[in-house]
S.K.: 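Pasting a structure below so you can have a look.
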Amino acid sequence: MKLLALDTATEACSAALWVDGAVLERYELAPRRHAALILPMLDAVLAEAGLTIAQLDAIAVGRGPGAFTGLRIAISIAQGIAFAADLPVAPISTLAALALRAARDSGRSHIATALDARMGEVYWGVYRTADGAVDLLGEECCCSPAAVAAPPGDWFGVGSGWLTYAETLSQSLTVSGWQGDRYPRAGDVARLAADPDRRSAWVTAEQALPVYLRNQVVRKPAPPSR
C-alpha cells in the first residue's frame with residue numbers, strides 16, 4: 001500500500017509517504033508558514049521514493065482538531081489531490097496521531113492528549129494504545145482544562161495543552177509524566193491510515209471534512225459604532 005499523508009493542524013507542518021510499512025517524512029515547526037511549505041514537502045517525499053500521485057492508493061490527512069486555518073489548508077489540499085487522481089481520503093484525528101507518537105516514544109499505553117485551543121480551552125482526548133493501534137476512550141472534545149475527564153488509570157500527558165495547563169489538567173486524572181513540546185506528525189497520520197481496520201473509514205474527496213470540535217468557528221464581528 002502507498003499512502004501520501006499531510007498534517008497542518010498545529011504549529012507543526014509535515015508530509016509523509018507510507019510505502020508498504022516504510023515511512024518517509026518531512027517535518028518542520030513553522031507557525032504561519034504551512035501554505036508555503038506543505039506542497040514542496042509532499043513533492044519531496046514523492047521524489048525521494050520515486051513515485052507519482054498516480055501510483056498512490058489513498059491520501060491521508062490530519063482532519064483535526066486544531067487551528068482553523070491549518071485544517072482548511074490540509075483538507076483543501078487533500079481534496080484537490082484526491083479529486084484530480086480519483087483517490088479515496090483517509091481522515092485521521094490529529095489527537096490520535098499525537099497519541100500514537102507519544103506511546104512509541106514513551107513506552108506508555110494510556111495517553112492523555114491536550115492541544116492548546118486558545119480562548120482558555122483545550123482539545124482533549126484519551127487513548128489506549130497497543131501494538132500500533134490507538135483506541136479512543138470516550139469522545140474527543142473542546143473544553144475548559146478544569147472540565148477534562150479520563151477513566152481511572154495511570155496516564156501520560158502529551159501536547160501543547162500540557163505546557164499551558166499542566167497543573168489544572170493533572171487535577172482531573174492521575175498523571176505520572178507529560179511532554180508538552182509535541183505535535184501531530186504526518187508519519188503517524190499515515191501509520192494510522194494504513195491500519196486495515198481503518199479502511200472502512202476512508203471517504204471520497206467531497207466527504208473529507210475538517211473536525212473543529214469548537215461550535216463557534218468564527219467570531220461574529222462587533223456591531224459598528226454609532
Side-chain angles (χ1 to χ4, degrees), residues 7-14 27-34 62-74 92-189 191-192 210-220:
D7 190 281
T8 60
T10 64
E11 292 90 332
C13 180
S14 59
Y27 173 90
E28 187 171 339
L29 192 59
R32 296 178 294 280
R33 296 187 59 217
H34 301 74
R63 51 82 167 158
F68 303 142
T69 300
L71 291 181
R72 288 194 291 268
I73 290 171
I92 298 296
S93 164
T94 49
L95 296 180
L98 187 62
L100 179 64
R101 168 72 59 163
R104 189 165 64 251
D105 290 347
S106 69
R108 304 292 296 277
S109 61
H110 286 65
I111 308 296
T113 62
L115 290 174
D116 191 344
R118 312 303 180 191
M119 299 168 59
E121 294 181 317
V122 294
Y123 299 120
W124 177 258
V126 293
Y127 298 86
R128 180 178 56 241
T129 67
D131 301 323
V134 177
D135 295 318
L136 175 65
L137 305 181
E139 296 182 353
E140 296 177 347
C141 66
C142 180
C143 63
S144 160
V148 303
D154 184 17
W155 293 91
F156 186 81
V158 66
S160 58
W162 287 92
L163 280 175
T164 311
Y165 302 110
E167 183 176 352
T168 303
L169 294 172
S170 298
Q171 294 175 2
S172 300
L173 63 162
T174 302
V175 181
S176 56
W178 57 270
Q179 293 177 326
D181 58 342
R182 296 292 185 273
Y183 299 91
R185 298 179 68 126
D188 298 303
V189 170
R191 290 180 178 93
L192 290 175
V211 173
Y212 295 114
L213 292 184
R214 178 175 280 149
N215 291 329
Q216 186 175 339
V217 174
V218 180
R219 290 177 180 271
K220 294 181 179 180

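Hydrogens, waters and symmetry mates play no part in the numbers below; they use all other heavy atoms, side chains included. In what follows, residues are counted from 1 in the order of the sequence shown.
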S.K.: Does a salt bridge link Glu11 with Arg32, judged by any charged N lying under 4.0 Å from a carboxylate O?
M.R.: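 Here Glu11 does not pair with Arg32 in a salt bridge, since their nearest N and O are not under 4.0 Å apart.
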S.K.: Run the salt-bridge test on Arg63 and Glu140 with the 4.0 Å N-O cut-off and return the result as yes or no.
M.R.: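 Looking at Glu140 together with Arg63, the answer is yes, because their closest N to O distance falls below 4.0 Å.
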S.K.: What's the shortest heavy-atom distance between Val189 and Ala97, and which atoms?
M.R.: CG2-CB, 4.0 Å
S.K.: Tell me if a side-chain donor or acceptor on Trp124 pairs with a main-chain N or O of Ser144 at a distance below 3.5 Å.
M.R.: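 Checking the backbone N and O of Ser144 against the side chain of Trp124, no donor-acceptor pair under 3.5 Å is found.
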S.K.: Any chance you could measure Ile111, atom CD1, to Asp135, atom CG, to the nearest 0.5 Å?
M.R.: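 With rounding to 0.5 Å, CD1 (Ile111) is 12.5 Å from CG (Asp135).
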S.K.: Using a strict cut-off of less than 4.0 Å between a Lys/Arg side-chain nitrogen and an Asp/Glu carboxylate oxygen, indicate whether Asp188 and Arg191 qualify as a salt bridge.
M.R.: yes
S.K.: In the structure I gave you, are the side-chain heavy atoms of Val175 and Leu169 within less than 4.5 Å of one another anywhere?
M.R.: no
S.K.: Report yes if some heavy atom in the side chain of Ser160 is under 4.5 Å from a heavy atom in the side chain of Tyr183; otherwise report no.
M.R.: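 When only atoms from C-beta onward are counted, Tyr183 and Ser160 do touch, with a gap below 4.5 Å.
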S.K.: How many angstroms lie between OG1 in Thr8 and CZ in Arg72, if you round to the nearest 0.5 Å?
M.R.: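 Taking OG1 in Thr8 and CZ in Arg72, the distance rounds to 10.5 Å.
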S.K.: Go through Gln171 and Tyr165 one step at a time and tell me if the side chain to side chain contact (heavy atoms under 4.5 Å, CB included) criterion holds.
M.R.: CA-CA 10 Å; Gln171 294 175 2; Tyr165 302 110; over 6 Å; no
S.K.: Could you check Thr94 against Leu98 for side chain to side chain contact (heavy atoms under 4.5 Å, CB included), going step by step and ending with a plain yes or no?
M.R.: CA-CA 6 Å; Thr94 49; Leu98 187 62; over 6 Å; no
S.K.: Looking at every non-hydrogen atom in both residues, tell me the closest pair between Ser14 and Pro184 and how far apart they are.
M.R.: OG-O, 4.3 Å
S.K.: Using every non-hydrogen atom in the two residues, find where Asp7 and Ala186 come nearest and quote the distance to one decimal.
M.R.: N-CB, 4.1 Å
S.K.: Show the nearest heavy-atom pair for residues Leu71 and Pro210, with the distance to one decimal.
M.R.: CB-CB, 4.1 Å
S.K.: Measure across Ala112 and Trp162 and return the closest heavy-atom pair with its distance rounded to 0.1 Å.
M.R.: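 That closest heavy-atom pairing would be O-NE1, 3.1 Å.
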S.K.: If we count only N and O atoms by modelled type, under 3.5 Å, do the side chains of Asp154 and Ser176 hold a donor and an acceptor together?
M.R.: yes
S.K.: Both conditions, 6.0 Å and 45 degrees, for the charged tip of Arg108 above the ring of Phe156: are they met here?
M.R.: no
S.K.: Quick one: does His34's side chain have a donor or acceptor within less than 3.5 Å of a partner on Ala12's backbone?
M.R.: yes
S.K.: Tell me which one of Val148, Leu115, Thr113 satisfies side chain to side chain contact (heavy atoms under 4.5 Å, CB included) with Val122.
M.R.: Val148
S.K.: What pairs with Leu163 under side chain to side chain contact (heavy atoms under 4.5 Å, CB included), at least two apart in sequence or on another chain?
M.R.: Trp178
S.K.: State which residues pass side chain to side chain contact (heavy atoms under 4.5 Å, CB included) with Cys142; sequence neighbours excluded, sorted by chain then number.
M.R.: Ala117, Glu121, Tyr123, Leu213, Arg214
S.K.: For Pro151 and Leu137, which heavy atoms make the closest approach, and how far apart are they?
M.R.: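 Taking every non-hydrogen atom into account, CG-CD1, 4.2 Å.
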S.K.: Side chains of Thr164 and Asp116: do they bring a donor and an acceptor to under 3.5 Å?
M.R.: yes
S.K.: What's the separation between atom OH in Tyr127 and atom CH2 in Trp155, rounded to the nearest 0.5 Å?
M.R.: 10.5 Å
S.K.: Please report the interatomic distance OG(Ser93) to CG(Leu100), rounded to the nearest 0.5 Å.
M.R.: 11.0 Å
